[in-house]
Amino acid sequence: MSLKNKEQDDQYSPPSRIHLEHEEESRNDFQQFETNDQCRPHARIHLEPQEKPDTNFKQFVIKKLEKSCQCSSTKARNIIFGFLPVLQWLPKYNLKKNILGDVMSGLIVGILLVPQSIAYSLLAGQEPVYGLYTSFFASFIYFLLGTSRHISVGIFGVLCLMIGEVVDRELYKAGYDTAHVAASLGAVSNESTLLSQPSGKICDKSCYAVIVGSTVTFMAGVYQVAMGFFQVGFVSVYLSDALLSGFVTGASFTVLTSQAKYLLGLSLPRSSGVGSLITTWIHIFRNIHKTNICDLITSLLCLLVLLPTKELNERLKSKLKAPIPTELFVVVAATLASHFGKLNEKYNTSIAGHIPTGFLPPKAPDWNLIPNVAVDAIAISIIGFAITVSLSEMFAKKHGYTVKANQEMYAIGFCNIIPSFFHCFATSAALAKTLVKESTGCQSQLSGVVTALVLLLVLLVIAPLFYSLQKSVLGVITIVNLRGALRKFKDLPEMWRISRMDTVIWFVTMLSSALISTEIGLLVGVCFSLFCVILRTQKPEASLLGVVEESEIFESMSAYKNLQAKSGIKIFRFVAPLYYINKEYFKSSLYKKTLNPVLVKAAQKKAVKKKIKKETATLSGIRDEVSVQLSHDPLEFHTIVVDCSAVQFLDTAGIHTLKEVRRDYEAIGIQVLLAQCNPSVRDSLARGEYCKKEEENLLFYSVYEAMTFAEDSQNRKDIYVPNGLSFSSD
């Protein structure tokens with residue numbers, strides 16, 4: 001064969017793959033293979049570290065300030081264009097290609113938002129018109145500031161629930177009558193719309209509810225803008241997908257419970273605080289005999305229409321160009337039936353009442369209320385921006401473009417701050433409406449303007465026509481839209497199969513959000529999730545490694561078969577950072593897999609003392625041959641190599657633990673070598689003075705290098721450990 005042909009064969013020959021066979025779980029022991037490789041000179045790897053720049057903190061701060069304070073036309077332009085992304089993409093907008101999809105999606109979402117905005121207003125403790133205000137301003141402001149082309153920003157059920165809980169609490173603290181909550185906030189029944197006013201108040205209950213809602217919304221927006229300014233979007237990483245899903249599902253139970261009284265036509269106080277879900281159901285069952293039959297029949301009819309058509313929309317979404325706006329049809333039909341049937345006059349049904357047209361003059365939030373609602377706004381702001389950022393990144397990845405997380409926080413923050421002056425409440429992205437928007441051909445943020453125009457038309461012209469709309473219909477619309485969150489129970493078997501820990505986090509967050517309260521449930525979920533992370537590192541996997549024959553690859557001998565254990569060397573892997581929480585587990589695992597040096601040292605001392613005692617006590621020279629033999633049995637191995645490839649970091653306790661382990665093993669003649677330490681771990685070992693300058697050869701860049709070093713040093717020095725014993729610690 002010619003040289004050229006041989007090179008071609010080498011070039012195209014497939015690389016040989018290494019296949020490892022998994023060890024059976026019931027396996028209790030393994031066969032160790034000894035290798036008889038000839039010793040060869042050991043070549044050490046030496047890497048020269050990068051020189052770290054000597055940075056002076058004062059100079060660093062001054063340099064940053066100088067850079068930030070420099071002003072130029074280019075920098076001013078970049079700041080303006082960065083803050084208003086619409087100035088970047090709108091001049092490049094492809095009218096022929098995108099306008100049809102944007103108009104269609106904006107129109108459909110606007111039609112869907114009309115009944116949902118009116119319904120969710122009840123959930124937030126506000127009059128119906130304020131839900132329309134909220135959706136209008138959010139759609140338009142996100143068009144100017146948002147970077148996601150597909151998400152729909154507006155009313156979101158969970159945030160409405162959290163706003164409503166704050167509103168009810170503040171109404172109670174302010175001394176307003178809360179005995180007939182269902183009859184307030186624009187409701188028309190046989191009771192008066194204006195409730196008793198405490199002395200010194202300048203507005204009625206519905207007016208004060210709007211003030212509370214707008215104030216907490218303003219504070220939530222301020223927090224979100226502050227998080228964007230200080231670039232603390234990392235807070236959202238503590239809200240895992242399992243945690244957010246469990247929280248939304250748990251909050252959905254609370255939403256469903258709060259709407260159940262409207263379906264039955266009951267006038268009940270709205271429970272809030274710890275255990276509000278259970279308290280509400282107790283109130284419902286105690287007053288079940290007061291059910292309004294007309295409201296109940298209306299609710300059942302609406303459910304019979306909405307549930308099947310919603311399912312039909314989902315099953316045929318690939319065939320339908322746009323979803324059927326069943327909610328709008330139901331609202332129109334129910335309003336006409338209530339108006340011409342005079343259901344309010346005849347059967348005392350609770351209706352939406354007068355919805356004014358136009359806009360109210362702007363009004364600043366109540367600054368005196370800020371201390372009362374500041375803490376509540378934290379949870380609302382975190383949930384709002386976490387859901388918005390996660391949805392925007394998800395759809396951006398799906399459609400091949402990028403979004404700016406910090407700009408998204410600015411966008412959602414100003415979607416709360418600016419509307420709060422126009423009597424609106426908190427908003428965020430919503431998955432259901434975003435999916436509708438995407439499926440109907442949305443191409444850019446321009447669809448938000450179309451949605452805002454639809455809502456503007458309703459606000460200016462159509463809103464008063466919903467005067468006779470029953471609240472039970474709005475309650476049904478809210479409950480039917482919870483299907484997506486409640487359907488998460490179907491995904492639990494798959495989640496359990498993939499990650500049991502995530503499933504437990506989901507259940508804990510869901511139950512605490514539903515049974516305790518939404519805010520405490522979120523806090524419990526975050527704390528429990530962090531605890532689970534700590535738990536995973538507290539007792540991580542620890543195993544002995546074997547080498548794949550004729551290779552430099554090492555794997556766990558408890559996981560794979562046919563691995564060779566080098567004679568005289570134990571290779572130990574610890575799959576977690578080594579810090580104060582798991583330092584004892586590291587030691588116990590190492591001792592269990594190898595031997596306990598403390599027990600071995602104690603046994604050696606005891607054997608030596610016994611030997612000396614026997615020798616001095618026996619004049620005839622008779623010795624205890626068993627003791628002597630035990631005291632001179634060599635240990636099974638001479639070196640322990642710790643594979644640190646999975647050790648991300650060390651703290652002070654971890655460094656002290658490695659020092660202690662090394663000292664104890666060296667006391668019985670066993671050397672400890674560390675392999676595959678990352679630069680962070682190496683720096684920690686150097687700062688912690690794990691080894692002296694001349695002992696840096698105890699740190700290796702690979703396990704194979706450490707093993708070769710151990711074999712060479714053993715063969716050269718012919719280490720002999722006197723008075724050795726072999727004990728394995730359980």
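Each residue takes its place number in the sequence, starting with 1.
- Thr134 places a side-chain N or O within 3.5 Å of a backbone atom of Phe425 that can act as its donor or acceptor partner.
- With hydrogens and angles disregarded, no donor-acceptor distance shorter than 3.5 Å links the side chain of Ser447 to the backbone of Gln443.
- Within 6.0 Å of atom NZ in Lys173, more than 12 heavy atoms from other residues, nucleotides or ligands are found, so the atom counts as buried in its surroundings.
- For Tyr579, the side chain to side chain donor-acceptor pair (under 3.5 Å) partners two or more places apart in sequence, or in a different chain, are Thr537.
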Evaluate the side chain to side chain contact (heavy atoms under 4.5 Å, CB included) criterion for residues Tyr701 and Arg682: first the C-alpha distance (whole Å), next the side-chain angles of each, then the deciding distance (0.1 Å), finally the verdict. CA-CA 11 Å; Tyr701 291 101; Arg682 281 179 169 265; 3.6 Å; yes

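- No side-chain N or O of Thr257 forms a donor-acceptor pair with one of Thr280 less than 3.5 Å apart.
- By the 6.0 Å contact criterion, OH on Tyr401 is enclosed, its count of non-hydrogen atoms from other residues, nucleotides or ligands being greater than 12.
- Rounding to the nearest 0.5 Å gives a distance of 12.0 Å between OG1 of Thr652 and OH of Tyr580.
- Leu306 is linked by a side chain to side chain contact (heavy atoms under 4.5 Å, CB included) to Thr326, Glu327, Val330, Val476, Ile477, Val480, counting only residues two or more places apart in sequence or in another chain.
- Other residues, nucleotides and ligands place no more than 12 heavy atoms under 6.0 Å from the CZ atom of Arg315.
- Counting heavy atoms from C-beta outward, Met495 and Ile498 have side chains that stay 4.5 Å or more apart.
- Counting heavy-atom neighbours within 6.0 Å of Lys310 NZ, excluding the residue itself, gives a total above 12.
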Show your working on ring-ring contact (aromatic ring centres under 6.0 Å, His included) between Phe136 and Tyr133 and close with a plain yes or no. CA-CA 5 Å; Phe136 167 77; Tyr133 289 161; 8.5 Å; no

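- Side-chain contact between Gln407 and Leu145 is present, with at least one heavy-atom pair separated by less than 4.5 Å.
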Donor-acceptor contacts, no H, no angles, side chain residues 370-379, under 3.5 Å, sequence neighbours left out:
| from | atom 1 | to | atom 2 | distance (Å) |
| --- | --- | --- | --- | --- |
| Asn372 | ND2 | Glu170 | OE1 | 3.4 |
| Asp376 | OD1 | Arg169 | NH1 | 3.0 |
| Asp376 | OD2 | Arg169 | NH1 | 3.1 |
| Asp376 | OD2 | Arg169 | NH2 | 2.7 |

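- For Phe229, the CZ atom sits in a loose shell: 12 or fewer heavy atoms of surrounding residues, nucleotides or ligands are nearer than 6.0 Å.
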Apply side chain to side chain contact (heavy atoms under 4.5 Å, CB included) to Ser152 and Tyr142, showing your working. CA-CA 9 Å; Ser152 174; Tyr142 190 81; over 6 Å; no

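- From Thr427, atom OG1 reaches atom CD1 of Ile412 across 4.5 Å, with rounding to the nearest 0.5 Å.
- The distance from the OG atom of Ser513 to the CG atom of Leu243 is 8.0 Å, given to the nearest 0.5 Å.
- The aromatic rings of Phe143 and Phe140 sit tilted relative to each other, their planes meeting at an angle between 30° and 60°.
- The CG atom of Leu522 sits 9.5 Å away from atom SG of Cys527, with the distance rounded to the nearest 0.5 Å.
- Interatomic distance, Glu408 CD to Thr147 OG1, rounded to the nearest 0.5 Å: 3.5 Å.
- Listed for the Glu555 side chain is no donor-acceptor partner under 3.5 Å among the backbone atoms of Tyr560.
- Applying the side chain to side chain donor-acceptor pair (under 3.5 Å) test to Ser543 and every residue at least two apart in sequence or in another chain returns Ser556.
- Residues passing the side chain to side chain contact (heavy atoms under 4.5 Å, CB included) test with Phe489, sequence neighbours excluded: Thr249, Phe253, Leu492, Trp506, Met510.
- Without hydrogens or angle criteria, Ser245 side chain to Ala242 main chain gives no donor-acceptor distance under 3.5 Å.
- Between the side chains of Gln676 and Asp643, at least one donor N or O lies within less than 3.5 Å of an accepting N or O.
- Taking OG of Ser390 as the start and CG of Asp241 as the end, the distance is 7.0 Å to the nearest 0.5 Å.
- A distance-only check finds a donor-acceptor pair linking the side chain of Gln224 to the backbone of Ser381 [under 3.5 Å].
- Pairs engaging residues 433-450 under the salt bridge (Lys or Arg N to Asp or Glu O under 4.0 Å) rule: Lys398-Glu438 [sequence neighbours left out].
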Could you check Met394 against Leu391 for side chain to side chain contact (heavy atoms under 4.5 Å, CB included), going step by step and ending with a plain yes or no? CA-CA 5 Å; Met394 180 175 73; Leu391 283 179; 3.6 Å; yes

Is there a side chain to side chain donor-acceptor pair (under 3.5 Å) between Thr451 and Ser139? Walk through the geometry before answering. CA-CA 7 Å; Thr451 300; Ser139 298; 5.3 Å; no

